[in-house]
Amino acid sequence: MDHKTFLSSITPRERARLTETADGPGLRHLAGHAGAIAVLAVWVGLDLPFWPLAILPLGIALAFLFTLQHECTHRTPFRTPWLNEALGHLTGLILFQPFEWFRAFHMAHHRHTNDPEHDPELEGSKKPETWRAFVWYLAGADYWRAKLRTLLVNAGGGDDAEYISGRARPRIQREAVAMLAVYVFLAAFTVLVSPILFWLWLLPLLVGFPVLRLYLLAEHGRCPAVADMFDNTRTTLTNRTVRFLAWNMPYHAEHHAWPTVPFHRLPALHEIATPHLKRVSDGYLRFSKETWADLQD
């Protein structure tokens with residue numbers, strides 16, 4: 001059964017239950033994620049014992065705000081619209097990923113998942129097939145260069161990607177200009193006042209980002225270029241900590257099959273979709289080992 005047939009088999013009552021949004025689950029989840037970041041930031045900021053050891057988990061917690069921003073593009077983490085918008089822009093500022101632009105980019109990814117001709121995630125970002133490419137992918141230098149270029153191009157109003165509509169371009173340009181202005185201010189603060197942002201934000205993010213990159217590789221890596229979301233997208237079975245940090249996005253095939261299901265309903269969707277999933281990995285370590293085994297010298 002492909003994902004379209006599966007969706008057509010769901011009753012209207014079950015459909016309404018699974019797609020119902022709410023503020024409570026998202027706010028509680030956000031409190032936990034933000035609380036973890038705050039505790040780790042205080043540990044580093046106050047130079048508490050063994051504080052350098054906190055830099056990596058702080059960076060991982062910051063990097064995985066990407067999964068919250070991702071959910072905000074679908075307007076599903078919260079029922080209240082402005083919460084989705086506000087958190088989408090805030091996480092975008094932290095991750096150097098403009099939210100308005102990412103929404104357009106990500107919707108195109110959903111329309112053309114794993115299609116090498118049309119999926120923007122695959123443009124100039126081929127999945128690593130050699131050890132050298134794999135190390136380069138984890139290092140993320142291409143990611144940071146691409147985000148800087150995106151900001152500068154968007155600020156100049158010059159992004160001509162086909163997935164960006166004419167109506168969206170002014171919003172995307174204003175957002176990029178505002179973000180660059182904030183970054184200039186923060187850079188001046190860091191140089192002239194205090195380097196605290198370097199220790200609590202920039203360095204941890206650089207250190208923690210490879211973990212996010214490895215996690216993202218499992219979503220569609222080693223999956224075929226077909227239209228069935230149960231086949232072109234992978235669900236990865238993992239522990240509660242990873243599911244929490246990633247806002248339940250390890251249930252990724254389920255998310256792609258039905259993007260309007262909010263993160264807190266994905267476990268329920270997983271239960272009924274499990275018999276039909278075609279790409280399932282038993283943990284990220286297992287997926288990584290299989291990926292490493294396929295890498296060429």
For this session: Give the intermediate values and the outcome of side chain to side chain contact (heavy atoms under 4.5 Å, CB included) for residues L180 and L152.
Result: CA-CA 8 Å; L180 288 172; L152 294 175; 4.1 Å; yes
Exercise. Can you check side chain to side chain contact (heavy atoms under 4.5 Å, CB included) on M249 and E71, steps first, answer last?
Worked result: CA-CA 9 Å; M249 282 302 107; E71 279 296 274; 3.3 Å; yes
For this session: Begin with the C-alpha distance, continue with both residues' side-chain angles, and end with the deciding distance and a verdict on side chain to side chain contact (heavy atoms under 4.5 Å, CB included) for T233 and R279.
Result: CA-CA 7 Å; T233 304; R279 303 286 165 174; over 6 Å; no
Problem set entry | side chain to side chain contact (heavy atoms under 4.5 Å, CB included) evaluation trace for T67 with F263 | CA-CA 10 Å; T67 54; F263 78 95; over 6 Å; no
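When the ring pair (Phe, Tyr, Trp, His ring centres under 6.0 Å) test is applied to F244, the partners found at least two apart in sequence or on another chain are H29. For R243, there are no salt bridge (charged side-chain N to carboxylate O under 4.0 Å, His left out) partners, not counting sequence neighbours. Residues satisfying the salt bridge (charged side-chain N to carboxylate O under 4.0 Å, His left out) test with D294, not counting sequence neighbours, are R222. For the side-chain hydrogen bond (donor to acceptor under 3.5 Å, both in side chains) test, residues two or more places apart in sequence or in another chain that qualify with H70 are H106, H255.
Atom-to-atom distance recorded for Y183:OH and T190:OG1 is 12.5 Å, nearest 0.5 angstrom. With values rounded to the nearest 0.5 angstrom, E117 atom CD is found 10.0 Å from L122 atom CG. Remark: T236 OG1 to Y251 OH distance equals 11.0 Å, nearest 0.5 Å. Rounding to the nearest 0.5 angstrom, the gap separating the CZ atom in R111 from the CG atom in D119 is 10.5 Å. Rounding to the nearest 0.5 Å places CG of L18 at 8.5 Å from OG1 of T11.
The ring of H3 has its center no closer than 6.0 angstrom to the ring center of H276. Remark: aromatic rings of F96 and W201 are close, center separation under 6.0 Å. The ring of F102 has its center closer than 6.0 angstrom to the ring center of F66.
In this structure, H110 and H74 have perpendicular ring planes: the angle between them is above 60°, well past the 30° mark.
The only option from L205, L212, L95, L200 that meets the side-chain contact (heavy atoms from CB on, under 4.5 Å) definition with L62 turns out to be L205.
Note on F189: it clusters hydrophobically with V182, by side-chain heavy-atom contacts below 4.5 Å among ILVMFWY residues. Hydrophobic clustering (side-chain heavy atoms under 4.5 Å, transitive across Ile, Leu, Val, Met, Phe, Trp, Tyr) keeps I94 apart from V39. Both I55 and L245 are part of a single hydrophobic cluster, where members link through side-chain heavy atoms under 4.5 Å apart.
The minimum heavy-atom distance linking C223 with N114 is given by the pair O-ND2, 2.9 Å.
Neither side chain, S281 nor R286, offers a donor N or O lying under 3.5 Å from an acceptor on the other.
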Acceptor/donor pairs from residues 264-272 side chains to any protein atom, 3.5 angstrom cut, sequence neighbours excluded:
unit_1: R265; atom_1: NE; unit_2: R17; atom_2: O; d: 3.4
unit_1: R265; atom_1: NH2; unit_2: E20; atom_2: OE1; d: 3.3
unit_1: H270; atom_1: ND1; unit_2: E254; atom_2: OE2; d: 2.6
unit_1: H270; atom_1: NE2; unit_2: T274; atom_2: OG1; d: 3.3

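Residue pairs meeting the ring pair (Phe, Tyr, Trp, His ring centres under 6.0 Å) criterion with at least one partner in residues 146-170, sequence neighbours excluded, are F105-Y163.
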